[in-house]
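Before any comments, here is the structure.
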There are 2 protein chains.
Amino acid sequence: MTPTADVDKGGNDEGGSDEERNARTVTRDGGSGATGVDPQQLWLGPAQPRRGRRPAFSREAITEAAVALADAEGLEAVTMRRVAERVGAGVMSLYSYAPDKETLLELMVDHVSGELPTASGLTGDWRADLREVAHLQRELMLRHPWLPAALSTRRVPGPNTLAFLERALAALRPTGLDGAAKLEVFAQLTGFVAGHVAHELAQASVARSPSRVAAEARYLAAMAADGRHPELAGVLAAPGRAQDPEATFARFLNRLIDGLGSD
Amino acid sequence: MTPTADVDKGGNDEGGSDEERNARTVTRDGGSGATGVDPQQLWLGPAQPRRGRRPAFSREAITEAAVALADAEGLEAVTMRRVAERVGAGVMSLYSYAPDKETLLELMVDHVSGELPTASGLTGDWRADLREVAHLQRELMLRHPWLPAALSTRRVPGPNTLAFLERALAALRPTGLDGAAKLEVFAQLTGFVAGHVAHELAQASVARSPSRVAAEARYLAAMAADGRHPELAGVLAAPGRAQDPEATFARFLNRLIDGLGSD
DNA sequence: TCTATTTCCGTACGTTGTACGAGAATAGAG
DNA sequence: CTCTATTCTCGTACAACGTACGGAAATAGA
């Protein structure tokens, strides 16, 4: 549905001509007490099993349904029941493709990350290249407004995420930073973009509800009127011009990236 | 329990000597279709009602119980049942003090924000003052690791949050920015700190589980070995020294703040 | 004492994620 | 072809959640 370019299944299909072999049971980590799923199992899980009933669905189809649902109605609309309904499967069938809901969220994140252009575009000016990386991330998050929230929990990067990380690392090559530092910069940049977009979206959403805005303004005015908040009173008295979100983003991004050179 | 300095109840207790009058039913916004609660009602709600059964608990006690629970077992341990249990109340009694769980979360956030020192400390060097603001926020978030996650949903600032905002606005006074720009800077800064601390905490938590780290390393190595991720391979080959989290925070913070001057 | 008001909370409902296990489909072995 | 091992499908069931409802209990003013 969406123009994705998945990089699933590490190139180990030996002679298999059949499609849709990325649907496979992922067993939980039986290891030493850690929650979650073995990333190896998840992302480059076995595509071998040639016995048993043939899968009626695919991990991709399920992920796409979940993404469509989140795009249309937000992350809280993504329940196992509604995803199953959309896919035409029984609820419990989903668990043959993802061991739990959290994993399904990881699949969603990596799926939409497939929309990010991964190759090309390196000018050699690492600041410009990094700006481009951030802008691509922002556009992706605006297209999938649930993404900032879904990113906020710790995850292991999937193939598409890793492909984009590769691009970011390439952009950072001229800086001569060591590995950990490059990763740190990328994480920081992603976090910054996610935070900014989340703020942007919340702002836009609140603005759509005038009564809420009015109530909040009344409340702030009442607080400012008690004399103990002179600065707040000043802000309310001279709010200034409302800015274009894109320009604000670019401004803060420039500041962050310009600052990166000093180390 | 925690050394908080609440600024509850806007100064409208007329001659009342009795304490604990901030426990009051907060009705939902009957207005034009917006979800949530009228901030006015919530934060400076009526302390008048002198009829009816006396409250057996207090909003403060309930909030403190919820905070203690979140500190000890994380945000997902904060359920209405467990909070009630801790407070010694029936579950439904909580709803006399907060109209719903989301509001309880707001109360929690504002409650711990009371730990932030609000007065003083202004050197006049706005960069230094802003750095101090950020450091205070980080320390608060490290003390209450659930805070970054709780902040991620849109909220109306409570009295304690507002008091700290006042401090930040005072720090920004020398910049001569207009009101909206100051607020934007504060939001951006808070978002940055929250993102960074969340990352820090996730890092630290993962590091405690060696099998997980090993599994992830194995996975990344396998991905890097396919030849299509040369930069990732380079990073894994030359990871560099692990850094002190505090120093990393300070470095990124400096970069962000130094960049703020250019506009 | 009566009545209005407010709080307390047991019960109950709808929704969630998911454990369990019976049945259906398939591939290879005999 | 039949048998068996394997894999997927999904109805049922359960515990935990947020919270609506409404009766009982407590209190203040009439």
Side-chain angles (χ1 to χ4, degrees), chain A residues 16 18 20-28 35-37 45-59 61-62 66 69 73-107 153, chain B residues 16 18 20-28 30 35-37 41 45-59 61-62 66 69 73-107 153:
Chain A
D18 213 341
E20 297 293 4
R21 300 310 306 154
N22 50 346
R24 199 81 297 120
T25 304
V26 176
T27 51
R28 278 157 187 283
T35 36
V37 165
Q48 316 90 331
R50 239 44 193 88
R51 252 216 287 286
R53 186 170 179 168
R54 228 162 329 175
F57 315 102
S58 73
R59 183 186 282 181
I62 290 168
L69 209 49
E73 303 182 41
L75 205 54
E76 71 285 345
V78 178
T79 71
M80 299 306 267
R81 280 166 237 263
R82 297 216 43 202
V83 171
E85 183 187 22
R86 227 184 153 94
V87 145
V91 186
M92 291 313 291
S93 297
L94 301 187
Y95 288 89
S96 296
Y97 300 89
D100 52 29
K101 195 194 174 184
E102 203 185 329
T103 303
L104 179 56
L105 287 179
E106 293 197 32
L107 293 173
T153 60
Chain B
D18 211 343
E20 299 293 4
R21 299 312 307 156
N22 49 347
R24 200 81 297 123
T25 304
V26 176
T27 51
R28 279 158 186 283
T35 37
V37 164
Q41 282 274 329
Q48 317 92 328
R50 238 48 190 88
R51 250 213 294 281
R53 188 172 178 165
R54 228 161 337 184
F57 315 102
S58 73
R59 182 186 283 181
I62 289 168
L69 209 49
E73 303 182 43
L75 205 55
E76 70 285 343
V78 179
T79 70
M80 300 306 267
R81 279 167 238 260
R82 297 214 45 201
V83 171
E85 183 187 23
R86 226 184 154 95
V87 144
V91 188
M92 292 312 292
S93 297
L94 301 187
Y95 289 87
S96 297
Y97 300 88
D100 53 30
K101 194 193 175 186
E102 202 186 329
T103 303
L104 180 55
L105 287 179
E106 293 198 32
L107 293 174
T153 59

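Residue numbers start from 1 in every chain, and the chains themselves are labelled A, B, ... in the order their sequence lines are given, proteins ahead of strands.
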Task: Whole angstrom value for the distance that separates P of D:dA15 from CD of B:E76 - done: 21 Å

Task: Whole-Å gap separating P (D:dT19) and NZ (B:K101) - done: 8 Å

TODO: Please determine, for the side chain of B:T79, which listed nucleotide (D:dC17, C:dT18, C:dT16) has the closest atom?
DONE: D:dC17

Task: Heavy-atom closest pair, residues A:F57 and A:Y97 - done: N-OH, 3.2 Å

Open item on the list: With a 4.0 Å limit, can you tell me whether A:S93 has a side-chain N or O closer than that to the phosphate oxygens OP1/OP2 of D:dC8?
Closed with: no

- [ ] Taking all heavy atoms of B:A84 and all of B:V91, pick out the closest pair and write down the distance.
- [x] CB-CA, 3.6 Å

TODO: Specify the separation, in whole Å, of atom OH of A:Y95 and atom C1' of D:dC10.
DONE: 13 Å

Open item on the list: Rounding to an integer number of Å, can you tell me how far B:F57 CZ sits from C:dT6 C1'?
Closed with: 14 Å

Open item on the list: For Watson-Crick and G-U wobble pairs within 3.5 Å on both distances, what is DNA chain D written in dot-bracket notation, | included for inter-strand pairing?
Closed with: |||||||.||||||||||||||||||||||

Task: Among D:dT19, C:dC8, D:dT9, the nucleotide that comes nearest once only the side chain of B:M80 is considered - done: D:dT19

Check the interface with nucleotides 27-30 of chain D: list each N/O to N/O pair with the protein under 3.5 Å, or write none.
| from | atom 1 | to | atom 2 | distance (Å) |
| --- | --- | --- | --- | --- |
| D:dT27 | OP1 | B:R54 | NH2 | 3.3 |
| D:dT27 | O2 | B:G52 | N | 3.4 |
| D:dA28 | O3' | B:R50 | O | 3.4 |

Open item on the list: Just verifying a value: how many Å separate A:L75 CG and A:L69 CG, rounded to the nearest 0.5 Å?
Closed with: 9.5 Å

Open item on the list: Measure OH/B:Y97 against C1'/C:dT6 and give the value in whole Å, please.
Closed with: 10 Å

Open item on the list: Quick check: closest heavy atoms across B:V37 and B:P99, and the distance to 0.1 Å?
Closed with: CG2-CG, 3.5 Å

Task: Value rounded to 0.5 Å, distance of OG in A:S96 from CZ in A:R59 - done: 11.0 Å

- [ ] Starting from P on C:dT6, measure out to CE on B:M92 and report it in whole angstrom.
- [x] 18 Å

Open item on the list: How many whole angstroms separate atom CG of A:L104 from atom P of C:dT16?
Closed with: 14 Å

- [ ] Identify whether any heavy atom of B:A84 sits under 4.0 Å from a base atom; if not, whether one sits that close to sugar-phosphate; answer base, sugar-phosphate or nothing.
- [x] nothing

TODO: Using a 4.0 Å heavy-atom cut-off across all strands, classify B:A89 as base, sugar-phosphate, or nothing.
DONE: sugar-phosphate

Open item on the list: Just verifying a value: how many Å separate B:R82 CZ and B:R86 CZ, rounded to the nearest 0.5 Å?
Closed with: 7.5 Å

Open item on the list: Once rounded to the nearest 0.5 Å, what's the spacing between atom NZ of B:K101 and atom CD of B:E106?
Closed with: 13.5 Å

Task: Nearest-0.5 Å distance that lies between atom CG in A:L104 and atom OG1 in A:T79 - done: 10.5 Å

Open item on the list: Rounding to an integer number of Å, can you tell me how far B:R81 CZ sits from C:dG10 P?
Closed with: 12 Å

Open item on the list: For A:A98 versus A:L107, what's the shortest heavy-atom pair and its separation?
Closed with: CB-CD1, 4.1 Å

